[in-house]
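Here's the structure we're looking at; comments come further down.
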Amino acid sequence: MSELLEKINKPNDIKNIDKKDYPKLAEEIREFLIDSVSKTGGHLASNLGTVDLTIALHAVLDFPKDKIVWDVGHQAYTHKILTGRKDEFESLRQLNGLSGFPKRHESLCDSFDTGHSSTSISAALGMATAAKLNETDEKIVAVIGDGALSGGMALEAINNVANLKRNMLIIINDNKMSISKNVGGMSNYLNKLRASEQYNDFKSDVETSLSRIPKFGSSLVKSVKRTKDHIKNLFISQGLFEDLGITSIGPIDGHNIPEMIDIFKEALKINRPIIICVRTKKGKGYEPAENDPSKYHGVNPFDISTGLETVTNGMMSYTDVFSKTLVKMAKANDRILAITAAMPDGTGLSRFQKELPDRFFDVGIAEEHAVTFAAGLAVSGYKPVVSIYSSFYQRAYDQILHDVCIQKLPVTLIFDRAGLVGSDGETHQGIFDMSFLSAMPNMTIIAPSGIKELKEAMKFAEHFDGPIAIRFARGVAFPEIKEDINLQYGKGQILKEGSKDGNNAGGNVAIIAVGSMVEETYKAIDMLEKENVHPAFVNPVFIKPMDTELIKRVAENHKHIIVVEEGIKKGGFGESVETFILESGIDADVQVMAIDDRFVEQGNVALLREEIGISYKNIYEKVMELTR
Ligand SMILES: Cc1ncc(C[n+]2csc(CCOP(=O)(O)OP(=O)(O)O)c2C)c(N)n1
Ligand SMILES: CC(=O)[C@@H](O)[C@H](O)COP(=O)(O)O
Ligand SMILES: [Mg+2]
């Protein structure tokens, strides 16, 4: 069945396959991807869309000498297959398994690690500039999607790339989709490029403009003519890219392998950067994904025949709680606006978009802009709520600090996917937010530990006159065990009392657990109570300001304070508690269970917690150790 794919076991093996068989190879790869991702989960639709493009690139490049920088990197599965990694797909996105993104440590053929959007042109330009300085001749290609092109960094790089006096290909993979439908002016511009009626207007310009390119321009014209009978779908845009000084070609058919090979070969000979716009269909080759590419952008394991996910828990996620609560609040308060950076589904804001479309804003993959846009709305009397994944907010550090915090603006920042996210790995773990936000004056941070607390936190934020961040985890929301939630500014709560007298085993220990770690700690406490060990248990609720009164009282009454947080230790809540207790001269020792100075790899969250040392079992063991 997969006779051609069997011949691909190491980089460049594709060159041993007859070019006329490439479409058949593409079919086999699609079949492999559908089968494999249906078992492991992964980014299916983007990968199905780029199979032909990747084959064409591998046909003209030599690995590992030549370099492709895959933007976001969620579409690089075919590249992995063609560089000898197909047998590792069983472990895709699992602990110690094949990464879902390019990783330099995984293969010499992965030239640059990606995961966050819009970095490819900058990185490729760096490589091309180095090659120019080194006088080496490796070929350098950036592949960037139309969604990723909405990111500011990509536009900054395009502004800079015209200075390059060397070849570099920038392939824009235009499938009209980000995760959801692509939005914005750049997307409209690409749509304009698609419009075939422009061809006639530009046909003569194409030839003139290509011919002007020294040495190779005329052969590019010939090649294009040869491969396409006529020049129908090809033109040099007289618009943005050309005006910025970059030769651009397209759109060409991103599923026509021979045509792409011919055009890439010629384009690689040109002594300057060149943009090639390639049209593809997201989800190509699997009907459910073609019909609903957003649903199959990132999927859990699914049944191939029905397209339905094989494991569903049907439980409410924190994201659901947030999105439902926000819609309810916004219906009663017309000052509330919702902002997403290209993640209406992931952040749950598609519900808001549906119900209150005029007050919903998808700004594209533009986290920096999203925050300052919200700041502008806030100075104008609105109550903007920006929801972005924790790791993507890293992009907007200075916008939060410079545009929101200094002016004390009432912007609500929702940090979705805070903590470990699992299979996306290092680039996506939301483990830095507490550290970087805590360092910002005027910032308030709430880490709700369950459903009601999240709702309360949102109501609190609605009437709070300053910057406020609410962080919650990916996945199922915890229905709190303690009923009486009365959220007050800067106040935490005692979930279980302990005692210092030692009559009660474990009474010399207090656990302070942050956000999602409250649920984890309850599991540890269940185990401890079975052994008649009863530590005190505190939920700080507010990361900033810290409830110093509560922490002082707890520290004065317990010899050992354990702080558990699913975040980086440096600059985290535990360190703040430690410093406060030390500076207060209280005689209690503080042990912080958090993430050491490292990045956290991909894997199942429960396994990762255990590996890091913040699982319920680790908490149980720590208390037992201190109780003995
Ligand atoms: C900074 C950042 N923000 C958001 C995301 C989430 N994200 C991953 S892929 C994607 C859409 C990318 O669209 P496009 O580049 O067109 O690629 P396609 O999925 O269409 O192949 C988004 C928003 C991200 N990875 N990085
Ligand atoms: C590639 C990327 O950045 C997104 O597709 C991300 O994987 C989405 O993560 P969630 O599954 O948590 O929405
Ligand atoms: Mg796209």
Side-chain angles (χ1 to χ4, degrees), residues 41-51 53-54 70-78 93 99-102 114-121 142-154 171-184 186-187 190-191 254 277-284 289 293-300 309 317-319 340-350 362-371 387-396 416-430 472-475 602 605:
H43 287 101
L44 184 63
S46 305
N47 280 294
L48 289 176
T50 48
V51 172
L53 169 62
T54 313
W70 297 98
D71 208 291
V72 182
H74 63 312
Q75 75 294 55
Y77 293 3
T78 303
R93 290 157 53 92
S99 171
F101 298 100
T114 46
H116 287 196
S117 172
S118 318
T119 62
S120 63
I121 306 177
V143 178
I144 182 163
D146 54 320
L149 202 59
S150 64
M153 205 177 149
I171 297 184
I172 299 176
N173 170 30
D174 177 17
N175 56 17
K176 283 188 159 181
M177 296 293 294
S178 189
I179 293 181
S180 305
K181 200 160 169 33
N182 201 9
V183 293
M186 182 58 79
S187 165
L190 293 174
N191 282 341
C277 190
V278 161
R279 261 180 298 128
T280 60
K281 185 157 189 56
K282 195 161 173 170
K284 172 124 178 118
S294 300
K295 183 172 163 201
Y296 292 85
H297 174 86
V299 273
N300 291 323
E309 288 187 2
S317 67
Y318 282 109
T319 305
T340 177
M343 310 287 289
D345 293 331
T347 59
L349 286 178
S350 40
D362 180 352
V363 299
I365 308 179
E367 290 78 8
E368 307 93 302
H369 163 65
V371 170
S387 183
I388 292 178
Y389 290 7
S390 168
S391 81
F392 303 150
Y393 260 123
Q394 288 158 200
R395 287 285 160 100
D416 196 329
R417 306 317 197 252
L420 299 171
V421 297
S423 41
D424 277 337
E426 285 95 332
T427 50
H428 286 61
Q429 311 286 14
F472 52 78
R474 184 179 197 270
Q602 65 189 23
V605 170

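What you see is a predicted model, and the numbers here were worked out from it, not measured in a lab. Side-chain atoms are counted along with the backbone in the values below, which use heavy atoms only and exclude waters and symmetry mates. Counting starts at 1 for both ligands and their atoms, following the listed order.
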Considering only the protein, which heavy-atom contact is closest to [atom], and what is its distance?
atom                    : value
atom 13 (O) of ligand 2 : Y389 OH, 2.6 Å
atom 21 (O) of ligand 1 : S46 OG, 3.2 Å
atom 3 (N) of ligand 1  : E367 OE2, 2.6 Å
atom 11 (O) of ligand 2 : R474 NH2, 2.9 Å
atom 8 (C) of ligand 1  : V72 CG1, 3.9 Å
atom 14 (P) of ligand 1 : G147 N, 3.5 Å
atom 1 (C) of ligand 2  : H43 NE2, 3.3 Å
atom 26 (N) of ligand 1 : S117 N, 2.9 Å
atom 11 (C) of ligand 1 : S178 OG, 3.3 Å
atom 7 (O) of ligand 2  : D424 OD2, 2.5 Å
atom 25 (N) of ligand 1 : G115 O, 3.0 Å

For F392, enumerate each residue passing the ring-ring contact (aromatic ring centres under 6.0 Å, His included) test, keeping only those at least two apart in sequence or located in another chain. H116, Y389, H428
Distance under 4.0 Å to a non-hydrogen atom of [X]: what atoms of ligand 2 satisfy this?
X    : answer
H297 : 5 (O)
R417 : 10 (P), 12 (O), 13 (O)
F392 : 3 (O)

Pairwise distance [atom1]([X]) to [atom2]([Y]) - rounded to 0.5 angstrom:
X    : Y    : atom1 : atom2 : answer
M343 : I388 : CE    : CD1   : 10.0 Å
S187 : L149 : OG    : CG    : 9.5 Å
L349 : T340 : CG    : OG1   : 5.5 Å

Taking all non-hydrogen atoms of both residues into account, name the closest pair between [X] and [Y] and its distance.
X    : Y    : result
A341 : V363 : CA-CG2, 4.0 Å
G73  : T114 : CA-OG1, 3.4 Å
A342 : I179 : O-CB, 4.4 Å
A154 : A148 : CB-O, 3.9 Å

Using side-chain heavy atoms (C-beta onward) and a distance below 4.5 Å, is R417 in contact with T319?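 Yes, close enough: below the 4.5 Å cut-off.
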With a cut-off of 4.0 Å, which atoms of ligand 1 are near a heavy atom of [X]?
X    : value
R395 : 1 (C)
H297 : 9 (S), 19 (O)
I179 : 7 (N), 10 (C), 11 (C), 22 (C), 23 (C)
G145 : 14 (P), 15 (O), 16 (O)
K282 : 18 (P), 19 (O), 20 (O)
A148 : 14 (P), 15 (O)
M343 : 6 (C), 23 (C)

What do you get for the angle at the Mg ion (ligand 3) between O on M177 and OD1 on D146, to the nearest 10 degrees?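 With the Mg ion (ligand 3) as the vertex, the angle is close to 100°.
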State, without any angle test, whether D416 and S387 hold a side-chain donor-acceptor pair at a distance under 3.5 Å.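 Looking only at side-chain atoms, S387 and D416 do not form any donor-acceptor pair under 3.5 Å.
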Would you tell me whether T280 and N173 have side-chain atoms, one donor and one acceptor, within less than 3.5 Å of each other? yes
Just heavy atoms, cut-off under 4.0 Å: does [X] contact ligand 1 by side chain, backbone, both, or neither?
X    : result
H74  : side chain
N175 : side chain
I365 : side chain

The Mg ion (ligand 3) to [X]: any N/O/S contact under 2.8 Å?
X    : answer
D174 : no
N182 : no
S178 : no

Please verify whether a non-hydrogen atom of G49 lies at under 4.0 Å from ligand 1.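 Contact absent.
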Between [X] and [Y] (side chain of the first, backbone of the second, donor and acceptor by atom type, cut-off under 3.5 Å), is there such a pair?
X    : Y    : result
N182 : K176 : no
R395 : S117 : yes
N300 : E309 : no
N47  : Y77  : yes

Hey, which of P344, S150, S178 is the one that makes side chain to side chain contact (heavy atoms under 4.5 Å, CB included) with D362?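 Among P344, S150, S178, the one that satisfies the side chain to side chain contact (heavy atoms under 4.5 Å, CB included) with D362 is P344.
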For ligand 2, which part of H428 has a heavy atom less than 4.0 Å away: the side chain, the backbone, both, or neither? side chain
Which one of Q429, Q602, R93, H74 satisfies the side chain to side chain donor-acceptor pair (under 3.5 Å) criterion with D424? R93
